[in-house]
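Values in this document were obtained by computation on a predicted structure and should not be read as measured data.
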Amino acid sequence: MPELPEVETVRRGLAPVLEGAVFDRVELRRPDLRFPFPPGFAGRLEGRTVAALGRRAKYLLAGLDDGATLAMHLGMSGSFRVADSVAAADAFHHARGKDERHDHVVFALSGARLPGGARVVYNDPRRFGFMILVEPGGLERHPLFAHLGLEPVAGALDPDALAARLAGRTTSLKAALLDQTLIAGLGNIYVSEALWRAGLSPRRAAGSLVRKDGRASGRLVRLTECIVAVIADAVAAGGSSLRDYVRADGSLGMFQHAFRVYDREDGPCLRPGCRGVVRRLVQTGRSTFYCPVCQR
DNA sequence: CCACAGGCCTGCAGGC
DNA sequence: TGCCTGCAGGCCTGTG
């Protein structure tokens with residue numbers, strides 16, 4: 001259930017292995033994940049070198065030496081693990097309680113930095129993840145990427161740009177922040193955490209943070225600061241490890257220990273001086289955690 | 001059996 | 001009629 005911090009942590013773990021490495025063999029152990037693999041998918045990758053491993057929103061983007069891009073989304077339960085052999089990979093996965101029935105893709109790699117080669121294994125029990133190959137120059141026009149919103153990182157998430165996108169919208173702040181065409185990379189955990197930090201109710205109308213002249217209100221400036229901060233803090237902690245997510249080297253993220261509201265229903269609000277109790281509500285089918293006392 | 005889980009696409013209904 | 005918006009449902013498997 002990787003959100004941006006988990007995907008970024010995976011990227012940092014995989015980059016030293018993938019960058020400069022060649023796909024010697026790509027093994028698809030089933031014909032589909034969320035979508036069927038396109039015909040020739042594995043063969044199209046074999047023999048190609050990874051130039052760089054990047055990220056956009058919750059997508060991992062492996063740029064290939066011929067200009068194409070392997071785009072990978074982890075869905076709700078996707079994870080990668082790295083090993084120098086099949087046996088080591090399986091032992092590692094086993095230790096993490098992973099079921100090898102859900103090992104769906106195996107990349108066999110070689111490279112100057114990989115004496116003896118390496119294997120990168122993709123495991124995804126729920127199969128909401130997917131991999132696609134985008135031909136050179138096609139990324140910006142691709143329907144999955146063309147409408148992605150602002151990255152929630154310093155310098156990219158501009159309050160007035162966000163105000164322009166929220167103006168007039170009656171939908172809840174919770175739903176707006178989950179909308180990947182507005183801000184790209186937030187998910188259910190970090191929306192709750194950011195709104196708690198900002199002291200804003202998840203039920204508030206998104207457009208209520210925009211001034212009449214169309215610019216960002218003080219509250220919206222504060223919210224953008226809190227979004228950037230919570231994402232940066234989570235990346236620094238290696239993301240959050242709950243049920244499925246582990247880092248590429250098998251270690252756990254630590255940010256789950258820093259949650260202020262997420263999954264803390266009925267617990268005391270942790271804001272100094274606030275005597276509220278954390279509540280859970282369901283918005284557009286997803287749990288929201290918030291303090292009704294200090295989030296208005 | 002039920003509810004719920006970190007994502008996101010589709011289709012439908014309602015408002016203008 | 002169209003366009004936009006917002007929401008329920010569905011995709012899968014696993015866990016409590």
Closest approach to the side chain of R126(A), judged atom by atom: which nucleotide of dC8(B), dG6(C), dA5(B) is it? dA5(B)
Give a yes or no on whether a salt bridge exists between R44(A) and D66(A), defined as a side-chain N under 4.0 angstrom from a carboxylate O. yes
With the six-membered base ring of dC11(C) as reference, does the ring of F128(A) sit under 5.5 Å away with planes under 30° apart? yes
Mind calculating the distance between CG (L166(A)) and P (dC4(C)) to the nearest angstrom? 18 Å
Is the phosphate of dC8(B), meaning OP1 or OP2, less than 4.0 Å from a side-chain N or O of H73(A)? yes
Heavy atoms under 4.0 Å, any strand shown: does R169(A) hit a base, just sugar-phosphate, or nothing? sugar-phosphate
Taking the side chain of S287(A) as heavy atoms from C-beta outward, which of dG7(B), dG14(C), dC4(B) is closest to it? dC4(B)
Pair R211(A) + D213(A), salt bridge at N-O below 4.0 Å: yes
Should V22(A) and D24(A) count as side-chain neighbours, where that means a heavy-atom distance under 4.5 Å? yes
Could you work out which one of dG6(C), dA5(B), dG14(C) sits closest to the side chain of T170(A)? dG6(C)
Does a nitrogen or oxygen in the side chain of T171(A) sit under 4.0 Å from OP1 or OP2 of dC7(C)? yes
Rounded to whole angstroms, how far apart are CD on E100(A) and P on dG14(C)? 13 Å
dC7(C), dT13(C), dA5(B): which one has an atom nearest the side-chain heavy atoms of R280(A)? dA5(B)
Could you give the CG-to-P distance, from D103(A) to dT13(C), as a whole number of Å? 15 Å
dT5(C) P sits how many Å from L178(A) CG, rounded? 17 Å
Does atom CZ of R219(A) have more than 12 heavy-atom neighbours, drawn from other residues, nucleotides or ligands, at distances under 6.0 Å? no
Between dT1(C) and dT10(B), how many Å separate the two P atoms, rounded to a whole number? 24 Å
Of the options F255(A), F289(A), W196(A), Y262(A), which is the one that meets Y190(A) in a ring pair (Phe, Tyr, Trp, His ring centres under 6.0 Å)? F255(A)
Identify whether the distance between the nearest side-chain nitrogen and carboxylate oxygen of E46(A) and R48(A) falls below 4.0 Å. no
What's the closest nucleotide to the side chain of Y262(A) if the choices are dG10(C), dA5(B), dG14(C)? dA5(B)
dC12(C), dG7(B), dC7(C): which one has an atom nearest the side-chain heavy atoms of R127(A)? dC12(C)
Whole-Å gap separating C1' (dG6(C)) and NZ (K174(A)): 14 Å
pair_partner(dC12(C)), Watson-Crick or wobble, both distances < 3.5 Å, evaluates to none
Distance check needed: dC8(B) P versus H147(A) NE2, whole Å only. 15 Å
When rounded to the nearest Å, what value does the distance between C1' atoms of dG6(C) and dA5(B) take? 23 Å
Side chain of R286(A) - closest among dG6(C), dA5(B), dG7(B): dG7(B)
Under 4.0 Å, heavy atoms only, any strand: does L33(A) hit a base, just the sugar-phosphate, or nothing? nothing
Nearest whole angstrom, please: distance from the C1' of dC12(C) to the CG of D32(A). 11 Å
Report yes if a side-chain nitrogen or oxygen of H102(A) is closer than 4.0 Å to either non-bridging phosphate oxygen (OP1 or OP2) of dC12(C); otherwise report no. no
For atom CZ of R30(A) and atom C1' of dT13(C), their distance in whole Å: 11 Å
